[in-house]
Amino acid sequence: MRRRILAVLAVALIATPTAPGAARADAGFPFRDPRLPLQVRVDDLVGRLTLDEKISMLHQYQPAVPRLGIKLFKAGTEALHGVAWSNDIDNNSAVVAANGTTFAQPVGLASTWDTDLIKRVGGAVGDEARGFNAQNPRVFGLNLWAPVVNLLRDPRWGRNEEGYSEDPLLTGAISTAYGKGLEGNDPAHLKTAPTLKHYLAYNNETGRDVTSSTVPQRVLNEYDRQAFAPAMKANAATGVMASYNLVNGRPATVDPDLGTLVRGWSDYPVFNVSDAGAPYNLTGSEHYFATQAEADAAAIKAGINSFTIDNADGGPMAAAIHQALDRGLLSVNDIDVAAGQALSIRFRLGEFDPGGGPYAKITPAVINSPANQQLARKTADEAMVLLKNQDNALPLKPGGKVAVVGPLADTLYSDWYAGQLPYQVTALDGIRAKAGSVATSDGADRIALQDVASGKFVSAADPAKVAANADLPDPAAEFDAVDWGQNVSTLKNVGNSKYLGYNWGPFITHDDQPNGWYVQQQFKIEPQPDGTVVLHYAGYETQETWFGSNTYVTVNPDGGLTLGASDASHAAHFRRQVISSAVDQAVAAAKKADTAVVVVGSNPFINGREAHDRTSLALGDGQEALVRAVRKANPHTVVVLQTSYPDTITWEQQHVPGIVWTTHAGAETGHGIADVLYGDYNPAGRLTQTWPASAAQLPPDLNDYDIISSDQTYLYSKQKPLYPFGFGLSYSSFRYGKPVVGGGKVRVTVTNTGRREGDEVVQLYTHQRSSRDTVAVRQLRGFQRVHLKPGRTATVTLPLSPADLAHWDVTRGRWVTETSVYDVMIGASSSDIRARTAIAVRGETIPARNLASATRAETFDAYAGTTLLPETPLSGTVVGSTAAGQWISFKDVQLRDGRTFSASALGSGTVEVRLDSPSGRLLGTAKVSSADYATATASLARTAGRHDIYLVFGGPGIRLATFSIR
């Protein structure tokens with residue numbers, strides 16, 4: 001077969017022009033022959049490109065090559081939960097929002113625990129991406145930057161809405177399903193080319209380009225990498241996007257995993273991209289390389305194939321790469337390989353096939369089609385999670401009087417990675433279709449702001465210049481204020497229904513929603529001792545170092561508002577007149593209703609988002625007060641919590657009879673809410689991350705990535721949360737039989753013992769009773785969403801083999817299944833175990849450590865205070881000290897009268913070798929004094945037997961790569 005392929009290729013090469021100056025593209029080029037193997041086609045095309053053309057293929061905008069008939073290709077259309085947006089090369093790279101089907105935010109998609117449904121959602125998004133591409137391929141490319149698989153380790157992370165779960169198995173299953181849907185079912189072609197974001201260990205926004213995620217070996221292998229591996233191994237993604245942060249001191253943009261481990265997971269060539277602007281961070285904020293030539297060369301060698309920089313201008317990148325070639329930092333072969341990988345997905349997308357491949361016939365007719373709208377409604381239904389249902393408060397009976405109140409009652413909000421909503425079904429819309437009569441209140445205080453100095457009211461009579469120039473508070477001088485928490489409010493003008501915003505001055509009322517990168521519609525209304533208030537502008541740009549100190553509103557002589565003060569004492573003071581009270585209006589409506597539905601939650605542009613972590617887990621004070629007042633006015637109160645993450649709603653859990661959670665679920669959100677509230681859909685959504693009872697249950701430092709030593713997530717935490725991982729109620733009840741384990745499977749019967757048909761999410765957990773290492777309290781090993789009619793029983797079969805029980809053995813650098821008894825637990829959540837059994841597994845016993853040969857310091861068992869750092873800019877990891885007394889330990893070492901400690905280290909200070917504790921018997925002390933890695937030695941006191949060895953650092957700045965005791 002190989003000879004035949006080469007013969008065909010040879011004939012084609014003879015028959016077709018190859019010179020760079022060829023006047024026309026020839027359809028007979030081998031790279032256009034779909035009968036040839038992928039790599040043969042890729043190599044043929046790369047061989048026809050000039051060096052400059054090959055380099056240009058490494059930019060996010062791969063330019064057209066007319067002589068070969070190759071068109072422009074743009075990497076990166078955002079598509080987390082529907083086609084969201086892309087950039088217009090013909091309009092200064094302006095953002096163009098898609099106007100198609102928007103599904104529930106990713107954390108909501110995952111809360112369905114329904115991989116079949118998520119694959120259908122991915123399929124619909126892939127279809128619409130093709131539809132938008134057919135409309136304008138210069139804007140909407142087919143390389144989709146989705147899904148995000150970073151684990152939801154900490155609910156304070158600003159991008160919580162973008163991820164799926166705190167658990168790697170669930171994240172892997174959902175991302176694989178979504179990716180498979182995006183790619184389509186053709187074995188030889190891609191519908192779209194999904195890119196997993198963001199590799200690796202990325203869960204903080206503050207200082208994200210300069211902070212390093214310290215990830216020890218077990219956490220790295222068992223947790224963070226496991227979020228990415230499943231989709232890549234299933235060929236459900238075509239590459240990864242490198243994250244902004246550093247991992248163990250090395251920028252993720254030059255993480256060697258990109259060119260080694262990640263590529264090894266896939267059966268196809270892998271196309272890896274940088275995050276926006278990240279290659280410049282290597283020489284800028286991260287100060288990792290001295291020149292851009294060195295930085296770009298390192299990124300290419302590490303495995304980056306696409307530079308997301310300089311909008312549509314690939315010139316600066318090309319200049320840096322040419323410099324790297326001239327300096328010998330890169331070879332032409334490096335460029336050939338990288339360019340071939342960059343071009344590989346275009347072949348798989350069918351671009352170079354006759355007719356463009358099987359998916360080229362998809363037209364814009366699929367965009368927001370009736371079928372996709374129905375799928376969005378089904379997804380909104382399945383994503384709903386019933387958190388509390390005391391005394392059967394739910395479902396509601398059709399008809400009756402209902403008060404629907406709150407800031408999210410009659411509006412839907414999109415997020416940074418969503419497109420435009422082509423239509424909206426709000427909670428009020430959905431409930432109105434089922435209730436007898438509905439009263440509503442928007443949960444906003446209607447206020448007027450009177451400038452104390454002039455007596456004039458702030459008015460948007462001229463929406464292009466808001467000014468304190470009105471004599472009376474007419475609608476143009478009234479604003480609806482909503483408290484979104486973290487002391488931030490929005491001010492929506494009553495007269496024109498637009499939000500007050502800074503817009504770099506003057507203040508205007510222009511926007512339908514808070515939006516934009518800097519979200520310039522945020523204010524803190526700060527009370528003053530004299531009873532007045534000041535306006536503290538809180539747009540995100542105020543957090544940038546370049547913004548300046550003036551963030552308080554002052555009033556110009558002409559009445560115009562401006563930012564003219566750095567503190568409240570020099571700001572304009574306003575009398576806050578309440579025209580109508582949110583609480584009073586809601587209470588009045590609730591008192592007249594049979595049921596009060598309070599819809600509260602988050603604004604995705606304000607409460608947490610890319611570049612901004614959350615500072616509180618609580619509802620806004622105003623929203624909390626609204627819930628309490630309505631509950632007091634009407635005991636039959638139901639809270640609908642619409643957020644992108646967990647909230648600490650402890651009061652609501654104690655006092656409100658019915659609570660339902662949904663994420664921002666797209667255009668069909670209101671139908672999903674009403675379907676569940678009225679029982680037209682029996683809820684079966686389950687939480688994909690732990691909801692803490694308070695922020696005190698979280699680590700003090702958001703940047704603590706070591707989930708094992710800090711007891712994070714349901715895997716290692718022993719605290720009682722507000723709601724556990726996997727939690728969710730139903731209008732039905734389910735009985736579990738005894739699990740049967742055998743043949744690599746666990747089987748259990750599940751019976752619907754209720755009077756409604758519904759779904760149960762069967763969850764399989766295990767716990768290892770004995771181990772050399774710290775093991776999870778419980779760990780998800782499988783799940784299945786099963787539909788049952790009343791009285792019916794189903795047998796659920798979930799795979800479980802000894803290999804599934806493996807964890808990372810730091811002593812030997814590989815996976816190991818230990819000999820142990822393993823608890824097998826089946827239930828409705830991680831804390832609601834309905835049936836259990838135990839199995840004895842004969843695996844391995846991890847042997848005692850032998851430190852006689854060179855041992856990597858990073859393979860420690862425990863540590864205190866140390867950090868992990870690069871050994872060289874592009875490879876290796878070492879342990880670094882930041883203060884005296886820090887240590888690393890190596891458990892269960894077999895000592896055989898070793899008399900010499902030898903280490904490869906740099907810095908200035910000492911390394912003490914101690915026995916069994918950081919203050920245990922001192923065996924010897926090595927002196928480190930070198931600016932480069934050099935050998936440091938120490939004579940040791942004679943010791944034999946099995947002990948724990950502690951290496952204690954005598955000062956900051958020591959880096960330890962390897963050591964031995966001989």
Side-chain angles (χ1 to χ4, degrees), residues 81-82 97 99 102-105 108 161 376-377 380 384 402-416 418-433 435 438-447 475 478-485 488-501 509-516 519 521-523 580 582 585-586 589 596-609 619-620 622-623 626-627 630 638-644 660-674 677:
H81 52 118
N99 191 19
T102 300
F103 295 89
Q105 289 178 306
E161 65 193 22
R377 180 168 183 170
M384 297 280 293
V402 181
V404 185
V405 301
L408 287 151
D410 195 28
T411 190
L412 299 182
Y413 290 104
S414 59
D415 59 62
W416 181 250
Q420 297 177 352
L421 298 179
Y423 64 97
Q424 296 188 25
V425 182
T426 68
L428 180 62
D429 295 330
I431 292 170
R432 184 175 278 142
V438 174
T440 188
S441 168
D442 62 7
D445 283 334
R446 182 158 293 180
I447 64 173
E478 296 175 352
F479 295 86
D480 287 338
V482 173
D483 175 9
W484 292 108
V488 172
S489 296
T490 52
L491 295 168
K492 185 177 181 180
N493 187 256
V494 175
N496 59 27
S497 296
K498 304 293 186 181
Y499 283 88
L500 179 66
T509 51
H510 173 268
D511 300 297
D512 294 325
Q513 283 192 4
N515 57 31
V519 193
Q521 303 82 23
Q522 303 182 78
F523 297 87
S580 62
Q585 285 190 330
V597 178
V598 190
V599 191
V600 291
S602 69
N603 185 310
F605 272 86
I606 292 175
N607 296 105
R609 202 208 68 182
L619 280 176
Q623 296 191 45
L626 184 74
V627 174
V630 171
V638 174
V639 166
V640 174
L641 184 65
Q642 188 178 345
T643 67
S644 306
V660 172
W661 173 77
T662 179
T663 188
H664 297 272
E668 291 288 339
T669 300
H671 278 146
I673 290 170
L677 292 184

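- Atoms CZ and CZ, from Phe479 and Arg446 in turn, are 11.5 Å apart once rounded to the nearest 0.5 Å.
- How far CG of Asn603 is from CH2 of Trp484: 5.0 Å, rounded to the nearest 0.5 Å.
- Between the His664 side chain and the Ser602 main chain, a donor and an acceptor come within less than 3.5 Å of each other.
- Tyr499 is linked by a ring-ring contact (aromatic ring centres under 6.0 Å, His included) to nothing, counting only residues two or more places apart in sequence or in another chain.
- Side-chain atoms of Gln513 come within 3.5 Å of backbone atoms of Leu412 as a donor-acceptor pair (strictly under, hydrogens ignored).
- Taking all atoms of both residues into account, the shortest heavy-atom contact from Ser497 to Lys492 is O-CE, 3.3 Å.
- Using a 4.5 Å heavy-atom cutoff, the side chains of Pro407 and Gln623 are in contact.
- Residues Ile673 and Val660 form no side-chain contact, since every pair of their non-hydrogen atoms from C-beta on lies 4.5 Å or further apart.
- Atom CG of Leu491 is separated from atom CD1 of Ile447 by 5.5 Å, given to the nearest 0.5 angstrom.
- Contact between Ser414 and Gly419 at its shortest, heavy atoms only, is CB-O, 4.1 Å.
- A donor-acceptor distance shorter than 3.5 angstrom exists from the side chain of Gln522 to the backbone of Val519, with no hydrogens or angles considered.
- Taking CG from Asp445 and CD from Glu478, the interatomic distance works out to 12.5 Å, rounded to the nearest 0.5 Å.
- Contact between Gln420 and Ala97 at its shortest, heavy atoms only, is CG-CB, 3.8 Å.
- Closest approach of Ala596 and Val630 over heavy atoms only: CB-CG1, 3.5 Å.
- For the side-chain hydrogen bond (donor to acceptor under 3.5 Å, both in side chains) with His81, the lone residue among Asp415, Thr102, Thr663 that qualifies is Asp415.
- Checking side-chain atoms of Asp483 against main-chain N and O of Ser489 turns up no donor-acceptor pair under 3.5 Å.
- Of the possible donor and acceptor atoms, none in the side chain of Glu161 sits under 3.5 Å from a partner among the backbone N and O of Arg609.
- Counting heavy atoms from C-beta outward, Thr643 and Asn607 have side chains that stay 4.5 Å or more apart.
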Problem set entry | Residue pair Leu677, Val640: steps toward the side-chain contact (heavy atoms from CB on, under 4.5 Å) verdict | CA-CA 9 Å; Leu677 292 184; Val640 174; 4.2 Å; yes
Problem set entry | Test log, rule side-chain contact (heavy atoms from CB on, under 4.5 Å), inputs Leu500 and Asn493 | CA-CA 7 Å; Leu500 179 66; Asn493 187 256; over 6 Å; no
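- By the 4.5 Å heavy-atom criterion applied to side chains, Val600 and Leu641 are counted as neighbours.
- Distance check: Leu428 CG to Leu408 CG gives 12.5 Å after rounding to the nearest 0.5 Å.
- Contact between Ala409 and Ser441 at its shortest, heavy atoms only, is CB-O, 4.4 Å.
- With Thr426 as the partner, the side-chain hydrogen bond (donor to acceptor under 3.5 Å, both in side chains) test is satisfied by one option alone out of Thr669, Thr440, Asp410: Asp410.
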For this session: Output, in order, the C-alpha distance, side-chain angles, deciding distance and verdict of side-chain contact (heavy atoms from CB on, under 4.5 Å) for Ile606 and Gln521.
Result: CA-CA 9 Å; Ile606 292 175; Gln521 303 82 23; over 6 Å; no
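- At a threshold of 4.0 Å, the pair Lys498-Asp511 does not count as salt-bridged, since none of the basic side-chain nitrogens sits closer than that to a carboxylate oxygen.
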